[in-house]
Structure formats: C-alpha cells, structure tokens
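Reading through the structure tokens given below for one structure.
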There are 2 protein chains.
Amino acid sequence: MTMCQRCNYPRLFRSKGVTPTPNRLMLMELVGDSPAPLSPQKIYETLNRTHRLNRVTVYRILDLLVEKNLLERLSSGDRSFRYGLAPNANHRPHPHFFCRRCGAMECLASDSLDLDTRALERRYPGAIEKVEVRVDGICGNCVGAKGKMG
Amino acid sequence: MTMCQRCNYPRLFRSKGVTPTPNRLMLMELVGDSPAPLSPQKIYETLNRTHRLNRVTVYRILDLLVEKNLLERLSSGDRSFRYGLAPNANHRPHPHFFCRRCGAMECLASDSLDLDTRALERRYPGAIEKVEVRVDGICGNCVGAKGKMG
DNA sequence: ACTTCCATGCAAATAAGTTGCATACTGTCC
DNA sequence: GGACAGTATGCAACTTATTTGCATGGAAGT
C-alpha cells in the first residue's frame, strides 16, 4: 500500500541533488518497500544484517532524505519517529494507525478518513506545511490475539 | 480556548479514584488553564518556580492523569510529548498546530478541520481509541517575524 | 598524485523519560 | 492518639532515542 513500485532511486536522488550512495539507496529501498513506516532502530537493524553501517549514518541519511522531501517523518504514539515515503504524485498522503499494544504502525488507505483542510488553510495566519493524522488504539492482530479467537 | 473554567478538580479527581494531592491539583490547574498543551519540561519548570517538586513526580502525575483520562498526551513534531485536558463533555477534541520554527504548539478550533472517521470505524479490524490530528508548519508569529513586518 | 568535498565511522554528549529504592504522608483501625 | 497499610514523593541511577565533534576514507576533478 505504501510501497513505491521500484522507482528509479538513483535518478530520483540526483534530481534532488542527493548523491546516490549505496547506503542511501539501500535505506530508501527498504523504506520504499515497507508496507508501514519504520523506526530508525528497525531500519538500522535490518540494513546492518547485510551491510555493516553505523547507527549515526542511518540518522543522517534519514534527516537528509526528509529535508529533500523524499521521506516523511511521522510521530508515533511512542518515543521514536517513523519514516515512510514522502507523499508525491504516485503516493497520496494518508493516515496511520498506531497500536499501543504491539507498537506497530501501519498505513491506512488515503481515503479512509475524510479530511477537509481548506477552511483552516484559508484562515490560519501561519504557513501550513503538512497535516498528520494518526489513529491510536489496538490493531487487528492484537485485538484478535487477546479476544474471541482463543 | 483549551481551558476548563475552574472545574472542581478535587471532586473530579475523587470521582476517578485519584487522590487530590497538592502536586496533582497544581499540575491539573496549570494544564487546565493553559491555552496550549504543555511539555513535561515546561510543566516542571513552571510548577517548580513556586513549589519545589521533583521532575519524576511530574512524569508520574502525567502518566496517572492520562491513564485516568483526565489529560491527553499529544505527540508534537519534536522529541517531547505535550499534555492537555482530555476531551470531555465541555471540551471537544480538536487538532493542534506545531510550529517547527519556535517549537510552540497551539490548539486549533475543534471545527477548523472537518474529519469524518465513521468509514474507518466501520471497516477497521482493530479497536480505535483516538484520532490525533496535527498540523505542522510555521506559526503566525514566526511567519510575521521573519517576513514582511521588518 | 593533489586537493576538495562529502560520506561514514566512532566516541561522547544530550534530552526525554523510566526504574529502584528509601522516606514521608494519608487515612483507617484499634 | 499511636500503629498500620497503602500511596505519593524524592533522589540517584539508568535506558533509549537522537545529536555532535572530530577523524578517516573514498570519489571526482585538475
């Protein structure tokens, strides 16, 4: 749902003035292929399994890609941020669900919530850059695990 | 806008099984009177100016009051949470604005965004407990300060 | 090769929040 | 009115997420 079907990342990176290093491409592919936004920790662990790299490098790449608007940083219900593909032409902004039981975050369909921001955009005296919608609760898996399906 | 016009907090606390200690009441009044949600750090500094108390106590009271549904915990665009009055009969849920320049968070009118969650509630397989909407950008003050008004 | 720039690593620092344990307070029972 | 049980608070130490400073290493141009 979130995934970007095999964009040409090296080209995309260059178009934004980002040198397409192996680490950056790996990270971008990992996040791009993930059905849900990922924490830096998770990204670090996953990448590090196959290609040794430093935790700090992960943070630096994330900052860079967010700044270049290739990734977006989402706040979760816990203490760490999550990162997903930034919205673009092929990838609509969408809300996310955070499960307070298992800590997993998932993407919701972009039309699952109907949000009209026009009134606010007209009246708000500052500059609006993004609207983040997060739904909190217990996810389907966790509800099932605890609940009726013994 | 956020403020609860002088609720009877001791009574409210007891009704939820929360012992109304001086620290807890002070904290609740501070948050209740604030026009915007506050960080633990800010709460600590403010309370500590007049009545010595420990930072840990602040965290513990916040956890307790969130658990009892008297306060709500909001994620901001930065690394700390913010706390405000929990929505209730006199206090509608509302979105918040986070300014990435000055770090301030403000409450927006509860009708400033039109959000329809019914479709999601019908279809989502888990349990939805709350929906958090945060608008990010540059607030009115900061836009003005940097911009036209030299 | 020589320089320049930037990507990465490594160690240490910081910030926010949490835990363990000791002391002090609240309200209840004799 | 003191002993008791159960919290509430303080204090120090810890953990986790993230950031910074500084040094090395490698690619690209000259």
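In what follows, every chain begins at residue 1, and chains take the letters A, B, ... in the order their sequences are listed.
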How many whole angstroms separate atom [atom1] of [X] from atom [atom2] of [N]?
X: B/Leu25; N: C/dT26; atom1: CG; atom2: P; answer: 12 Å
X: B/Asp78; N: C/dT14; atom1: CG; atom2: P; answer: 19 Å
X: B/Leu62; N: D/dT9; atom1: CG; atom2: C1'; answer: 15 Å
X: A/Leu64; N: D/dT20; atom1: CG; atom2: P; answer: 15 Å

May I ask you to check whether A/Arg55 and A/Gln41 show a side-chain donor-acceptor distance below 3.5 Å?
yes

Winner on side-chain proximity to B/Phe81, out of C/dG17, D/dG10, D/dT18, is C/dG17

List the residues meeting salt bridge (Lys or Arg N to Asp or Glu O under 4.0 Å) with A/Glu129, not counting sequence neighbours, and say none if there are none.
B/Arg100

Side-chain ([X]) to main-chain ([Y]) donor-acceptor, under 3.5 angstrom:
X: A/Ser76; Y: A/Asp78; value: yes
X: B/Arg73; Y: B/Phe81; value: no
X: A/Thr117; Y: A/Leu120; value: no
X: A/Ser15; Y: A/Leu12; value: yes

Need one value for A/Arg24: base, sugar-phosphate or nothing, where a base atom within 4.0 Å counts as base even if backbone is also close, heavy atoms only.
sugar-phosphate

Residues, nucleotides or ligands: over 12 heavy atoms within 6.0 Å of B/Lys130 NZ
yes

Would you kindly compare B/Ile61 and A/Gln41 by the position of their nearest DNA chain D nucleotide and give the one closer to the 5′ end?
B/Ile61

Among B/Leu53, B/Asp63, B/Asn23, B/Asn48, exactly one meets side-chain contact (heavy atoms from CB on, under 4.5 Å) together with B/Val58. Which residue is that?
B/Leu53

Where along residues 42-57 of chain B does a heavy atom fall under 4.0 Å from DNA chain C?
B/Arg55, B/Val56

Would you jot down, in residue-number order, the residues of residues 12-22 of chain A having a non-hydrogen atom under 4.0 Å from DNA chain C?
A/Thr19, A/Thr21

OP1 or OP2 of D/dA8 under 4.0 Å from side-chain N/O of B/Asn23
no

Quick one: is A/Tyr59 getting a side-chain N or O under 4.0 Å of the D/dT18 phosphate, OP1 or OP2?
yes

Is there a continuous path of hydrophobic side-chain contacts, each under 4.5 Å between heavy atoms, that joins B/Tyr124 to B/Val133?
yes

Is there a donor and acceptor pair, one atom on the side chain of A/Arg60 and one on the base of C/dG9, closer than 3.5 Å?
yes

Would you kindly compare B/Arg79 and B/Asp63 by the position of their nearest DNA chain C nucleotide and give the one closer to the 5′ end?
B/Arg79

